[in-house]
Amino acid sequence: METNLGVFVAVHSQVGLHYLHFVNEEESALRNVQDFYGKYDIQKGEMSPELKSKLFSHKGLKLLPLGTDFQLRVWQKLTSIPSGEKRSYKQLALELGDKKAVRAVGTAIGANPIAYLIPCHRVIQSSGKLAGFRWGLERKNALLNLERLSLHTASHVI
DNA sequence: GAAGTGAGCCCCG
DNA sequence: CGGGGCTCACTTC
């Protein structure tokens with residue numbers, strides 16, 4: 001799917017959305033999906049209009065990422081950060097009950113399988129510096145800017 | 001500010 | 001086991 005933020009690839013099933021990644025390079029993006037989900041019976045295709053509209057509206061879409069218990073806890077926490085706001089890795093580690101786990105939290109966030117809808121882009125360093133985004137810092141910055149600008153409107157970003 | 005370092009936790013090979 | 005990661009706080013320049 002092409003959007004004003006770039007190209008996305010998604011993996012979904014009857015029960016929900018499992019995976020949503022930015023595509024920088026089509027080949028490696030598809031290989032990634034294959035690595036992760038190759039053991040399942042997946043069918044390739046253009047995104048259906050229904051799925052697209054759900055991605056746009058952020059409604060009627062269950063997020064079902066695949067991960068370890070720890071990763072799921074971290075990703076769950078991310079979804080509680082409101083649009084337009086930011087948290088630090090440290091804050092999240094504290095809220096998860098272990099201030100020493102900052103690096104583990106960072107690693108788990110880096111493994112976020114559902115871009116944007118699980119808002120890993122809203123996490124910055126405690127110094128306030130923007131750092132760490134597998135799809136590029138520029139993209140992270142663009143997402144944050146869009147959210148900041150569209151705070152008082154009902155419009156969504158993707 | 002920038003650069004270097006030890007601590008510390010989770011994950012993968 | 002061992003190393004590395006979307007870290008942090010501290011030191012030193």
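Since we're looking at a predicted model, the values are computed, not measured. Chain letters run A, B, ... following the sequence lines, proteins first, then strands; residues in each count from 1. The figures that follow rest on heavy atoms only: side chains count, while hydrogens, waters and symmetry mates do not.
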Are A:K77 and A:E95 ion-paired here, with the side-chain N under 4.0 Å from a carboxylate O?
yes

One thing to verify: whether A:E50 and A:K52 come together as a salt bridge, which I'm taking to mean a side-chain N less than 4.0 angstrom from a carboxylate O.
no

Nearest to side-chain heavy atoms of A:A104, which nucleotide of B:dC9, C:dC6, C:dC8:
B:dC9

Given B:dC9, C:dC8, C:dC6, the nucleotide with the shortest approach to the side chain of A:C120
C:dC6

Spacing between [X] atom [atom1] and [N] atom [atom2], to the nearest angstrom:
X      : N      : atom1 : atom2 : value
A:F70  : B:dC9  : CZ    : C1'   : 7 Å
A:K77  : B:dC10 : NZ    : P     : 16 Å
A:Q125 : B:dA3  : CD    : P     : 14 Å
A:K99  : C:dC8  : NZ    : P     : 14 Å
A:W75  : B:dC11 : CH2   : C1'   : 12 Å
A:R103 : B:dG6  : CZ    : P     : 13 Å
A:L143 : C:dC6  : CG    : P     : 17 Å
A:D35  : B:dC11 : CG    : C1'   : 17 Å

Under 4.0 Å between any heavy atoms, over every strand shown, what does [X] touch: base, sugar-phosphate, or nothing? Just pick one.
X      : result
A:D98  : sugar-phosphate
A:K140 : base
A:Y89  : base

Under a 3.5 Å limit for both distances, which nucleotide forms a Watson-Crick or G-U wobble pair with B:dG8, could you say?
none

Residue matched to C:dC1 through Watson-Crick or wobble contacts both under 3.5 angstrom:
B:dG13

Please state whether the phosphate of [N], meaning OP1 or OP2, lies under 4.0 angstrom from any side-chain nitrogen or oxygen of [X].
X      : N      : answer
A:S126 : C:dC8  : yes
A:K90  : C:dA9  : yes
A:T68  : B:dC10 : no
A:K100 : B:dC9  : yes

Heavy-atom closest pair, residues A:A131 and A:Y89:
O-OH, 3.5 Å

Verify whether one side chain among A:N24 and A:R139 offers a donor that lies under 3.5 Å from an acceptor in the other.
yes

Is A:L66 close to A:Y40 at the side-chain level, that is, under 4.5 Å between some pair of heavy atoms?
yes

Could you check A:S127 against A:V105 and say which one's nearest nucleotide on DNA chain C is further toward the 5' end?
A:V105

